Enquirer: 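Let me give you the structure first, and then I'll get to my questions.
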Amino acid sequence: MPYSCVMPAPPDTLSPAPRILSVIPPMTQLNTPYPSTAFLTGFLRSRGFDARQEDLALALVLRLLSPAGLDGIAADARALAAKRQSPAVRSFLDQFARYRATIGPAIAFLQGRDATLAHRIAGRAFLPEGPRFASLDVFVDEEGGDPLGWAFGALGVQDRARHLATLYLNDIADVLRDAVDPRFEFVRYAESLAAAQPTFDPLAQALAAPPNRVDATLAALTHEALTRHQPTVVLLSVPFPGSVYGALRIAQAVKAHNPAIVTVLGGGFVNTELRELAEPRLFDAIDYVTLDGGERPLLALLEHLQGRRSRQRLVRTFVREGDSVRFLNFPEPDIPFDDVGTPTWDGLPTGDYLSLLDMLNPMHRLWSDGRWNKLMVAHGCYWKKCSFCDVSLDYISRYEAASATVLADRIDAIVAETGQTGFHFVDEAAPPKALKALAAELTRRGTAISWWGNVRFEKTFTPELALQLADSGCIAISGGLEVASDRLLNLMKKGVSVEQVARVTKGFADAGILVHAYLMYGFPTQTVQDTVDALEWVRQLFENGCIQSGFWHRFVCTVHSPVGQAPQDYGVTLAPLPPGAFARNDVAFTDPTGTDHDALGVGLKKALYNYMHGIGLEQDVRTWFDFRVPKPTVARHRIARALERG
């Protein structure tokens, strides 16, 4: 029988249509919904399913950061012995009355509900200030004036106030971590329990422990959501290691509420780290685990739950059978990208997200400031050659682009639904041809949006194309410069040179588009000299206005990347993977250069932080390191000359 045919069960054996609830677990983002539930809900509704969504990450933070929530945090803080109270906890308790009185107004301000409060916050006399505010001292000028004057000037009151209010929330987060839950973070919550963990033991121990105040609050919010929506299926999306613990606590609460509710785990973390899952304990609260694009596996699973498909015909799905785990993968094609439907944010509290400003750099702040509609121009990566990337996995290897007409239709529908015209294209690397066609279609329709996204800094992005993209609403671009070394860029098959990146990024910047560079250190065979030279390249890119922001990532070898699959081609030797039945992704390796990349990373990050604030661009790059390093071999004006030639 062809795989596209599904034999229906007799009518009297079919289960009723499922009610589906997709959940964003803590923690992802506080300024905008993580897009996975919006994508899945839009797709499922396009297929006629009753699909809802909840952001329990945001709900948890808002419940904790309320007057009643602070009362509970203070109770836990007071219960600590005096010698165990950190400076953050002592400051919080000393000023508790002010924290309790200001938390509601501060949250409303960050949600955009009370803009006039900015004047009081910016005056530095309204919010209590804890240890986090010490970071402002580095910006005090020689005359001891306004520490934020360089960033915001006499105006910029709203941004100044958002930055101060963000420091205020970070102080409270420190108290939560020190007094309530040592794993608490606004983003990487309990990350160490799941990231690169070959064994499930740390998660199992944490999940078996008595619930703390954060756990209990999350369980209460889960029960409230289940009561509201009465789902028969709950989908838990875990994009990062820092959302796994929260997702499993939610699954526990679901099963405690009603064991018959089906729980399904999926998302980026599963797709990269759990591909060889053999841990049956994960299924104590989870019924199914799906891999890669969720549309086809979910359709198969929902048909199975309705009695329309046998268990053996599930697609890319792990199940527990007795004391073992089995992977079921009936061969069916994925849903074409043109047919996945339009994401919907219906049901999410789009007015409740917090517009934070923790980094003063104008490009860097886009990740935490403002609510962005997330959308993909294409699925996968059209280049899929970079040797550090998981090019063998579906989210990279299966490349499909939607037509400009389909994309513009989706954009129009999303704007009509949300009333928001800001878009973040979350592609691995948005293809230049597709962006050019989309820009032309947006201009033809007169669609006024603001958008930003990730690209490869390839020569196809000419200054003319950069201007066209800017005219269509592009405000910022990010892309990988990675190691900033032509030798290493060639080794990693990046397909660009440093001088080419300089010309492309300068074209974007000249068109008024902010540019963020992803940077990497610790790549196989990278020497101290390579690293110092890379920093000199980066210094010159900032000095010449090519990039405005960046971030250094420590190279990590994964089993799904070309380095992990053919280490001999990169001059390294892989260490054996540790035994375990849970996460298997990161793999240690031995590099014959013996470079101490961790020591170099401190100087790299210090330099970049200052460059993003316009500080130290004239200094010799060696001054950023705390130990002797070689002189750069890159001529000091190499980028300037390359731009002149270009």
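Here the structure is a predicted model, which is why all the values come from computation and not from measurement. For the numbers below, each heavy atom of this structure counts, side chains included, while hydrogens, waters and symmetry mates do not.
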Enquirer: Under a 4.0 Å threshold between the charged nitrogen and the carboxylate oxygen, would Glu54 count as salt-bridged to Arg52?
Expert: no
Enquirer: Which residue is it: Leu407, Thr405, Ile411, Val406? I am looking for the one with a side-chain contact (heavy atoms from CB on, under 4.5 Å) to Asp409.
Expert: Thr405
Enquirer: Could you tell me if the side chain of Ser237 sits less than 4.5 Å from the side chain of Val23, heavy atoms only?
Expert: no
Enquirer: Kindly indicate whether the side chain of Val61, heavy atoms from C-beta on, has any atom under 4.5 Å from the side chain of Leu65.
Expert: yes
Enquirer: Under a 4.5 Å cut-off applied to non-hydrogen side-chain atoms, are Asp174 and Arg132 in contact?
Expert: yes
Enquirer: Run the ring-centre check on Tyr189 versus Tyr245 and record whether the distance is less than 6.0 Å.
Expert: yes
Enquirer: Are Leu305 and Val262 side-chain neighbours, meaning at least one heavy-atom pair lies under 4.5 Å?
Expert: yes
Enquirer: Validate the cation-pi geometry between Arg371 and Phe423: distance from NZ or CZ to the six-membered ring centre under 6.0 Å, angle to the ring axis within 45°.
Expert: no
Enquirer: Salt bridge (Lys or Arg N to Asp or Glu O under 4.0 Å), that's the test. Do Asp292 and Arg275 meet it? Break it down for me.
Expert: CA-CA 10 Å; Asp292 301 326; Arg275 303 195 73 85; 2.9 Å; yes
Enquirer: Thinking salt bridges, do Arg410 and Asp412 make one under a 4.0 Å N-O criterion?
Expert: no
Enquirer: Heavy-atom count check: over 12 atoms from other residues, nucleotides or ligands less than 6.0 Å from Arg188 CZ?
Expert: no
Enquirer: Please step through salt bridge (Lys or Arg N to Asp or Glu O under 4.0 Å) for the pair Asp510 and Lys506, ending with a clear verdict.
Expert: CA-CA 6 Å; Asp510 287 346; Lys506 183 63 171 171; 3.5 Å; yes
Enquirer: Given 3.5 Å as the limit, does a donor-acceptor pair link the side chain of Thr317 with the main chain of Leu314, or not?
Expert: no
Enquirer: Between His553 and Phe555, does the ring centroid distance fall short of 6.0 Å?
Expert: no
Enquirer: Has Gln53 got a side-chain atom pairing as donor or acceptor with Ser22's backbone, closer than 3.5 angstrom?
Expert: no
Enquirer: Taking all atoms of both residues into account, what is the closest heavy-atom pair of Leu375 and Phe39, and its distance?
Expert: CA-CZ, 4.1 Å
Enquirer: Restricting to non-hydrogen atoms, name the atom on Lys494 and the atom on Cys386 that form the minimum distance, rounded to 0.1 Å.
Expert: CD-SG, 3.7 Å
Enquirer: Is the ring centre of Trp452 less than 6.0 Å from the ring centre of Trp367?
Expert: yes
Enquirer: Using the ring centroid of each side chain, check whether His516 and Tyr518 are separated by less than 6.0 Å.
Expert: yes
Enquirer: Are Ile103 and Ser66 side-chain neighbours, meaning at least one heavy-atom pair lies under 4.5 Å?
Expert: no
Enquirer: Aromatic ring centroids of Trp451 and Phe425 under 6.0 Å?
Expert: yes
Enquirer: Take Arg45 and Asp346 through the test salt bridge (Lys or Arg N to Asp or Glu O under 4.0 Å) and record every step on the way to the result.
Expert: CA-CA 11 Å; Arg45 288 185 182 180; Asp346 178 48; 2.9 Å; yes
Enquirer: Pick from Thr166, Asp369, Asn31: which one makes a side chain to side chain donor-acceptor pair (under 3.5 Å) with Ser355?
Expert: Asp369
Enquirer: Can a salt bridge be assigned to the pair Arg365 and Asp159 using a cut-off of 4.0 Å between side-chain N and carboxylate O?
Expert: yes
Enquirer: Are any non-hydrogen side-chain atoms of Ile250 and Pro26 less than 4.5 angstrom apart?
Expert: yes
Enquirer: Between Glu428 and Lys384, does any side-chain N to carboxylate O distance fall below 4.0 Å?
Expert: no
Enquirer: Identify the heavy atoms of Trp345 and Pro33 that sit nearest to each other, and give their distance.
Expert: CD1-CG, 3.5 Å
Enquirer: Short question: side chain of Asp215, backbone of Arg249 - any donor-acceptor pair under 3.5 Å?
Expert: no
Enquirer: Output yes when a side-chain donor or acceptor of Asp390 lies under 3.5 Å from a complementary backbone atom of Leu393, and no otherwise.
Expert: no
Enquirer: Could Arg316 and Asp394 be called an ion pair, given the rule that one side-chain N must be under 4.0 Å from one carboxylate O?
Expert: no
Enquirer: Are any non-hydrogen side-chain atoms of Val455 and Leu435 less than 4.5 angstrom apart?
Expert: yes
Enquirer: Is the backbone of Ala190 close enough, under 3.5 Å, to the side chain of Glu185 for a donor and an acceptor to pair up by distance?
Expert: no
Enquirer: Only one of Ile20, Val233, Asp287 forms a side-chain contact (heavy atoms from CB on, under 4.5 Å) with Val264, so which one is it?
Expert: Val233
